[in-house]
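Report on one structure; see the data block that follows.
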Amino acid sequence: MKRIVVLISGQGRNLQALIEHCAAGHIPARIAAVISNRADAPGLQRATQAGIATQVVDHKAYASRDDFDAALMQAIDAHAPDVLALAGFMRILTPAFTQHYEGRALNIHPSLLPRHPGLKTHEAVLAAGDAEHGATVHFVTAALDGGPRVLQGAFTVPPQASASVLAEHVMQDVELKIYPQAIAWLAKGELHLSEHSAFFRNRALAAPLTLHDVEAVFQ
Ligand code: GRF
């Protein structure tokens with residue numbers, strides 16, 4: 001059985017979806033550990049309730065980003081993961097870290113990348129007057145929110161939507177569907193990264209897959 005390590009910093013709604021889809025057998029893997037950089041991340045409780053080992057690697061305890069990333073890599077590698085899932089993990093990672101997990105690590109980001117990398121994406125969508133919004137799963141590389149895109153879900157921005165309405169829409173209608181699907185594909189060996197391109201079933205993806213490609217169990 002393939003092994004997944006999940007990195008979180010916050011609520012863990014994406015983590016919860018991964019836990020449930022692993023339990024249901026839709027993702028052919030088990031979550032070996034959940035690691036947070038914040039001891040107060042509510043997502044840690046979700047892991048504990050599911051009987052999953054948790055660990056905190058507090059970034060404030062390390063003098064540099066390099067030292068933190070080295071400690072984090074040690075904690076992750078103790079579980080020998082096949083898949084590393086960043087699920088609301090709010091730290092910028094060093095190239096040494098991203099290279100070590102290249103091809104094994106995915107991230108979920110709440111915007112239609114390459115639009116709006118970084119924080120406050122819902123506010124950025126409103127400020128730009130974008131017609132569409134959504135979320136993106138991408139391979140983790142040294143480029144912040146810039147690795148090859150795998151799967152994207154989009155919707156039309158409703159008139160007069162607030163940032164919090166958009167945030168809820170992105171989470172419920174996009175993130176919780178696309179992330180478990182992408183993690184399932186990676187665990188099954190259907191996704192890979194080569195020469196800085198994402199491949200799905202051995203074909204290079206010229207554009208990310210969409211919600212239409214998501215299987216019924218993840219809808
Ligand atoms: C999600 O919007 C994710 O895309 C972003 O951080 C948020 C995490 O939410 N990277 P949760 O911890 O999964 O509830």
Side-chain angles (χ1 to χ4, degrees), residues 1-94 96-110 135 137-141 147 150-151 171 175-193 217-218:
M1 182 74 93
K2 294 274 176 67
R3 302 159 65 83
I4 304 176
V5 168
V6 185
L7 301 185
I8 63 166
S9 300
Q11 289 196 51
R13 289 161 294 177
N14 282 292
L15 165 66
Q16 186 71 46
L18 297 179
I19 290 172
E20 288 168 12
H21 284 291
C22 285
H26 305 146
I27 299 173
R30 76 176 187 89
I31 300 177
V34 173
I35 301 173
S36 172
N37 64 307
R38 298 180 55 116
D40 61 354
L44 290 169
Q45 311 274 351
R46 300 182 192 260
T48 303
Q49 270 162 26
I52 299 167
T54 63
Q55 192 174 341
V56 175
V57 182
D58 182 351
H59 59 279
K60 294 193 291 302
Y62 297 88
S64 69
R65 218 178 260 291
D66 287 339
D67 289 353
F68 169 65
D69 278 14
L72 185 58
M73 283 165 71
Q74 202 170 37
I76 295 166
D77 288 347
H79 301 281
D82 303 286
V83 172
L84 181 64
L86 277 62
F89 185 66
M90 305 303 281
R91 300 298 300 169
I92 292 172
L93 297 161
T94 59
F97 183 99
T98 57
Q99 272 156 29
H100 184 66
Y101 298 105
E102 209 158 277
R104 282 190 284 163
L106 292 175
N107 182 42
I108 174 102
H109 180 78
V137 179
H138 64 92
F139 276 108
V140 175
T141 66
V150 168
L151 177 57
M171 176 60 67
E175 295 195 42
L176 299 182
K177 298 177 180 173
I178 65 174
Y179 208 28
Q181 173 70 87
I183 294 292
W185 283 331
L186 188 59
K188 289 179 188 168
E190 295 187 300
L191 272 182
H192 70 274
L193 180 66
V217 289
F218 298 105

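What you see below is based on every heavy atom in this structure, not just the backbone, and it leaves out hydrogens, waters and symmetry mates.
- Rounded to the nearest 0.5 angstrom, H138 NE2 and L151 CG are separated by 12.0 Å.
- A heavy-atom distance below 4.5 Å is not found between the side chains of Y101 and L93.
- Proximity of a side-chain donor or acceptor of R13 to a complementary backbone N or O of L176 within less than 3.5 Å is not detected.
- Atom CD1 of I27 sits about 6.5 Å away from atom NE2 of H21, to the nearest 0.5 Å.
- The two residues L18 and A85 have their closest heavy-atom pair at CD1-CB, 4.1 Å.
- Residues satisfying the salt bridge (Lys or Arg N to Asp or Glu O under 4.0 Å) test with D67, not counting sequence neighbours, are none.
- In this structure, the side chain of R65 does not engage the main chain of T94 through any donor-acceptor pair within 3.5 Å.
- Between L44 atom CG and T48 atom OG1 the span is 6.5 Å, to the nearest 0.5 Å.
- With 3.5 Å as the limit, one finds no donor-acceptor pair spanning the side chains of H100 and D69.
- The two residues L7 and F97 have their closest heavy-atom pair at CD1-CZ, 4.2 Å.
- Side-chain N/O atoms of Q45 and Q49 include no donor and acceptor closer than 3.5 Å.
- Relative orientation of the F218 and H26 rings is perpendicular, given thresholds of 30° and 60° on the angle between their planes.
- No side-chain heavy atom of F89 sits less than 4.5 Å from a side-chain heavy atom of I35.
- Of the inter-residue distances, the one linking M90 atom CE with I8 atom CD1 reads 12.5 Å to the nearest 0.5 angstrom.
- If you take CG on N37 and NE2 on H59, they are separated by 5.5 Å, rounding to the nearest 0.5 Å.
- The shortest non-hydrogen separation linking L191 to A182 is CD1-O, 3.6 Å.
- Across all non-hydrogen atoms, the minimal contact from C22 to I31 is SG-CG1, 4.0 Å.
- For the pair L106 and V83, the minimum side-chain heavy-atom distance is 4.5 Å or more.
- When every heavy atom of M1 is checked against every heavy atom of R30, the shortest pair comes out as CG-N, 3.9 Å.
- Under the 4.5 Å side-chain criterion, counting only non-hydrogen atoms from C-beta, P28 is in contact with K188.
- Distance check: E175 CD to H109 NE2 gives 9.5 Å after rounding to the nearest 0.5 Å.
- Between the R46 side chain and the G12 main chain, a donor and an acceptor come within less than 3.5 Å of each other.
- Sparse packing is recorded around CZ of R38, with 12 or fewer heavy atoms of other residues, nucleotides or ligands lying under 6.0 Å away.
- For the residue pair D82 and R104, the shortest heavy atom distance occurs at O-CG, 3.4 Å.
- Side-chain atoms of V140 and L84, non-hydrogen and from C-beta on, never get closer than 4.5 Å to each other.
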